[in-house]
Structures are given as structure tokens and as C-alpha cells.
Amino acid sequence: MPRLAHALLQGLKDHGAREIFGIPGDFVLPFYKVIEESGILPHFTLSHEPAVGFAADAAARYHLGLGVAVITYGAGAFNIVNATAGAYAERSPVVVISGAPGAGERASGFMLHHQARSVDSQLAVFREITCDQAVLDNPATAPAEMARVLRSARERSLPVYIEFPRDLVGAEVAPVPVLPRRESDKEALAECAAEILERLSAARSPAVVVDVEVRRYGAEEGVADFARRLGLPVVTTFMGRGLLEKSPDVLTGTYMGAAGHVDVTRLVDESDALLLLGVILSDTNFALSQRKLDPRRTIHAFDRSVKIGHHVYPNLALNDLVNELAARTKPIAAGGRPRPRINTGFPKGLKADGTKIVPSDIATAINDLFDRHGKMPMTSDIGDCLFTAMEIENTALAAPGYYAGMGFGVPGGIGVAAATGQRPLILVGDGAFQMTGWELGNCGRYGLDPIVVLFNNASWEMLRAFQPESKFNDLSDWNFAAIAPSLGGHGERVTTRAELAAALERAAQRRGQFSLVEVMMERGAISDTLSRFVSGFKAVRAKQTRA
Ligand code: TPW
Ligand code: MG
């Protein structure tokens with residue numbers, strides 16, 4: 001019989017986990033020993049638990065398996081709450097495994113170190129931000145509990161919580177089974193797909209909007225295939241930017257309402273049959289719409305249910321729906337419905353001169369870099385860097401576009417590099433870099449060499465854009481490029497377009513250590529996309545206050 005720790009690790013692997021991120025502590029030291037010595041999954045330690053959570057989240061977003069974060073009880077677990085909440089909001093299947101006191105300690109009558117209020121306060125907190133939980137305090141039931149929780153994570157693409165008492169690491173248990181996936185009801189699926197196709201074919205201007213669940217469930221190719229067959233235009237949400245990277249022929253652009261390209265906005269706002277696939281109906285995605293999402297003209301597939309008009313089909317997996325739609329669709333005859341051609345081109349050909357840099361120049365320089373060296377997978381933090389990313393060619397991107405928690409970019413990029421072996425491009429502002437930029441110091445140990453583009457405006461500029469009168473948004477200049485060598489990387493600071501282009505090219509050539517390109521910009525110099533977003537938001541708010 002395997003031991004509980006081994007069974008858990010093998011169970012994780014069998015459910016699609018590919019690596020572990022973590023920080024040990026005494027409540028999890030025995031499990032950590034097994035992680036290291038068994039070699040069942042590679043593991044990466046970072047410096048602060050928020051980063052562990054972000055890395056596991058970004059890894060899952062990229063390889064579509066499970067992200068795994070292993071932390072200690074209390075101090076470690078409470079430190080990862082925010083990252084777990086973000087993963088929940090953005091539907092990323094992160095398995096949070098926390099060490100915990102053993103049965104004897106729980107009954108000792110002492111308050112235990114790292115304990116907040118009661119021994120179970122931590123479980124109560126994680127109940128709120130995970131979709132399923134297991135406390136492995138009974139070796140007889142632990143395998144079934146683990147199997148259920150890991151299936152939940154996969155099926156719902158949401159974080160789960162496993163609490164592992166440290167005295168049971170060596171307990172003998174049965175292996176963790178992989179439970180069969182719950183099938184969608186065949187009749188409901190057929191009826192639902194037929195109804196959707198009927199609505200789409202009766203519509204004058206149908207369109208498809210895709211968001212993160214389409215990626216989480218690996219349905220990108222299926223959606224592209226279906227859209228191609230019907231000649232339907234597809235747009236991503238703000239949050240879903242980077243989706244359908246490999247199908248530019250069906251993708252029309254990114255919908256940002258008043259902040260986006262007028263033709264893309266019109267396509268969505270004026271559509272009379274809008275198929276929303278895996279879409280989070282959030283303010284960042286839809287607050288700037290010119291027209292409310294009217295249930296009579298929307299079909300919404302999300303969280304394993306499909307809402308059409310005023311009725312709901314429960315328990316339909318997104319992949320099943322997409323496959324069923326494609327299977328029932330004959331390719332339209334040539335000369336069928338023409339897909340609207342919208343040119344939402346992105347800037348290219350940076351004039352490498354002595355002009356000061358503005359955010360859109362960074363997008364241009366990166367587009368040029370991708371032209372020369374091929375696209376790189378990206379992560380972005382929240383800040384103007386994410387709005388600038390909308391001006392970069394549609395490229396795989398993981399970013400907190402909806403939850404908007406700062407600190408994701410750098411550790412997220414480290415997670416992507418560790419999990420996929422690819423070299424990522426990380427976009428981050430100076431404020432966010434102050435939170436988690438240090439984590440770059442861990443790249444050297446693991447041979448990771450991301451390129452980091454740091455938007456340094458010595459400012460919390462996004463906040464300033466909303467509230468220009470406040471002086472607290474002024475940050476000081478920390479000279480981040482100078483810190484890079486002591487973290488094992490290479491740093492350079494650029495202030496002109498010519499320096500920016502040259503520094504990016506050098507970074508692309510330099511392998512084996514991280515490259516930090518610190519781009520100095522004036523306070524107040526924001527991207528066009530952010531500027532439109534802020535004025536759109538202010539207008540919505542003013543309207544709400546008046547109402
Ligand atoms: C964990 C609130 C949103 S954007 C922002 C703050 C403080 C400023 C970001 O500054 P940065 O980028 O990184 O220099 P830029 O382009 O605006 O200059 N705490 C957390 N998350 C959020 N979102 C905030 C505070 C915030
Ligand atoms: Mg800033």
C-alpha cells in the first residue's frame with residue numbers, strides 16, 4: 001500500500017498536475033521531504049506565498065493541467081488567500097495543499113503556533129474561495145476524498161483545498177483513483193445545441209464572444225472550427241485576450257466596449273444573437289458596453305450551464321457543447337455568410353530615435369521583436385502594462401484582467417517558465433514590481449530566463465488616471481535595473497525609443513539569466529487604451545450617480 005504523501009503526489013500527477021510550487025514550514029516539512037525525495041513531480045520554491053499562488057495559477061492557465069501550491073499551516077496558508085481568491089475569480093484550477101497540525105497536537109489543549117482563532121479557521125476561510133475541500137485526517141477515506149476534490153478542480157476549473165495533517169504523511173492508504181468524468185446529459189445537449197443553432201441561423205448578425213473558460217477547458221480549436229463552419233465572427237473579452245491565438249482567421253478582435261475598436265464594439269453591441277462561450281460577465285469585460293446584455297439576444301455558456309433567453313440547461317460541459325455544435329454544423333457553402341472583415345491592426349515599425357517613450361511605443365517595440373524572433377508567451381500584471389498589452393499582436397497571455405490583483409505578473413511569468421519550459425515575456429508596472437519583483441531572484445536556481453519589461457513611471461498611474469488630484473500616487477524611483485545583477489539577472493534602463501528597441505533585441509539574444517528592461521516614462525503618459533477605458537468608466541459612473 002502506498003503512503004498518504006505518495007498517494008497524493010501520484011494522484012495529483014494522474015489528474016494533470018505537472019509541477020509543484022511552494023514554501024515549506026514545519027507543518028509541511030514531512031510532506032515536503034517526500035516531494036523532494038520521491039521526485040514524482042518537480043518542485044519549485046519561491047520567496048513569498050502570494051507568488052507561489054500566482055505561479056501555480058499561471059502554470060495551470062498555460063498547460064491546462066492542475067496548478068499546485070504547497071504551503072505551511074496558518075502563516076503560509078493565510079498568505080496565499082488572495083492569490084487563491086484571484087484564481088477562483090478567474091477560474092483557474094489551483095490545488096492548495098496546506099500542512100496542518102496532527103491529531104495529537106489538535107487535542108493537546110495548547111494554542112498552536114500559526115493558529116488564528118480556532119484550528120479550523122483556515123479551513124473556513126478556504127471554504128469561501130475554493131470549490132471543494134478535503135481534510136485528510138482519516139487514511140481510510142482519504143483516497144476517495146482526494147479523488148473527489150481533484151475531479152472538482154478539473155471539472156469546474158476552480159481552486160480546491162487539501163489540508164494534510166503532518167502526522168499522517170506516512171499512513172498507509174489505497175491509491176487515489178481517477179473518477180470518471182460526469183457526462184453531460186445527451187438529450188439535453190442535443191436540445192440545447194439545436195436551439196442555439198436555430199437562434200444563430202435566424203439572426204441577422206450573430207457573433208461569438210469567447211472568454212477564459214474556453215482556454216481552461218481546452219476548447220479553442222473546437223470553437224474556431226465551429227465558427228469557421230458557420231462563418232461566425234469571434235471576439236475575445238478583455239480578460240480573454242490571447243485566446244484563439246492560433247486561429248487568426250476567425251478572430252476579429254477584442255471587445256472592450258467604449259474603450260475598444262468601434263467596429264468590434266458595434267459587432268457585439270448590435271448583434272441580435274450573441275453566443276457567449278465561457279464568458280465571465282464582469283464589469284471589466286462589459287461595463288463599457290453601449291447596450292445592455294439583453295437575455296433575449298444572448299446565449300451564455302458558463303460554469304457548466306447554458307442560459308438561453310430565460311431558461312437554463314444545467315450540467316452541460318463546455319467542451320461537450322462546442323463539439324455538439326460543430327458536429328451538427330455543415331460547413332457553409334462558399335459565398336455563404338461573409339465574415340465581417342475588421343482591421344484591428346496593431347502598431348509596428350517603431351521609429352528608433354531619441355524620442356521619450358510612451359506606453360504604446362512599448363507595444364510597437366514588442367510587435368517588432370515578435371516579428372524578428374517569433375512570439376513569446378506573455379504574462380502581465382494589472383496596470384497600464386495590461387492595457388498596453390491590448391496593442392500587442394494577439395498572443396497567449398495570462399493576466400488578472402478581471403480580479404485585477406497586483407503582483408501577478410512576475411511570479412506568473414516564473415510559473416509559466418517553470419511549467420512549460422518556454423521563455424516568457426513579462427509586463428509589469430513599477431508599483432506591482434515593488435510587490436513581487438523580488439521573486440526574479442529565484443530564476444537563477446532553476447535556469448529560467450524570462451524577459452521582464454518594467455513600465456516605470458514612478459507612479460500608481462492607473463489610480464492617478466481615475467483621481468489625478470491625489471499626490472499619494474507618486475512613487476519614488478527605485479532604480480530597479482541596478483538591482484537586477486544582485487538577483488542574478490541583467491538589468492538596463494532605457495529612456496528613448498532607440499534605447500528601448502536595442503535593449504529588447506539584446507534581451508532576446510541573451511540567454512541563461514533573466515533580462516530586466518526598465519522603461520522610464522513620464523507620469524501621466526498612459527496608453528490610448530487605458531485612456532479610453534478610464535473615460536468610459538468615469539462616464540458609466542457618472543450615469544449611475546445621476547440615476
Ligand atoms: C493587490 C489597486 C490598481 S492599479 C494600481 C493600484 C495600486 C497602481 C499600479 O501601479 P503600477 O502600474 O504597477 O506602477 P501603473 O501602470 O498603474 O503605473 N492592491 C492590489 N491590487 C490592486 N489592484 C490595487 C492595490 C491598484
Ligand atoms: Mg507605475
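As the structure lists them, so they are numbered: ligands from 1, and atoms in each ligand from 1. Bear in mind the structure is a predicted one, so any value in this text is a computation, not a measurement. Sequence positions, counted from 1, serve as the residue numbers for this chain.
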Could you list each nitrogen or oxygen of ligand 1 that sits under 3.5 Å from a protein nitrogen or oxygen, with the atom names and the distance?
unit_1	atom_1	unit_2	atom_2	d
ligand 1	13 (O)	Gly431	N	3.3
ligand 1	13 (O)	Ala432	N	2.9
ligand 1	14 (O)	Asp430	N	3.3
ligand 1	14 (O)	Asp430	OD1	2.7
ligand 1	14 (O)	Gly431	N	2.7
ligand 1	14 (O)	Ser459	O	2.9
ligand 1	16 (O)	Asp384	N	2.8
ligand 1	17 (O)	Glu461	N	3.2
ligand 1	17 (O)	Met462	N	2.7
ligand 1	18 (O)	Asn457	OD1	3.2
ligand 1	18 (O)	Asn457	ND2	3.1
ligand 1	18 (O)	Ser459	O	2.8
ligand 1	18 (O)	Glu461	N	2.9
ligand 1	21 (N)	Met406	N	3.1
ligand 1	23 (N)	Ala404	O	2.7

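Salt bridge status for Glu499 with Arg493: absent, with no side-chain N to carboxylate O gap under 4.0 Å. Salt bridge absent: Arg156 and Asp132 never bring a charged side-chain N and a carboxylate O closer than 4.0 Å. Taking 4.0 Å as the cut-off between side-chain N and carboxylate O, Lys246 and Glu220 do not count as a salt-bridged pair. Ion pairing between a basic and an acidic side chain is recognised when a charged N comes within 4.0 Å of a carboxylate O; Arg61 and Asp57 show such pairing. Classification of Arg464 and Asp474 as a salt-bridged pair holds, one side-chain N sitting under 4.0 Å from a carboxylate O.
Residues that satisfy the side-chain contact (heavy atoms from CB on, under 4.5 Å) test with Ala399, not counting sequence neighbours, are Ser380, Leu386, Leu397. Applying the salt bridge (charged side-chain N to carboxylate O under 4.0 Å, His left out) criterion to Glu19, with sequence neighbours excluded, gives no partner residue.
In this structure, Gln422 places its CD atom where more than 12 heavy-atom neighbours from other residues, nucleotides or ligands lie under 6.0 Å away.
Looking only at side-chain heavy atoms (C-beta outward), Thr237 and Tyr255 stay at 4.5 Å or farther from each other.
Inside a sphere of radius 2.8 Å centred on the Mg ion (ligand 2), the protein N/O/S atoms present are Asp430 OD1, Asn457 OD1, Ser459 O.
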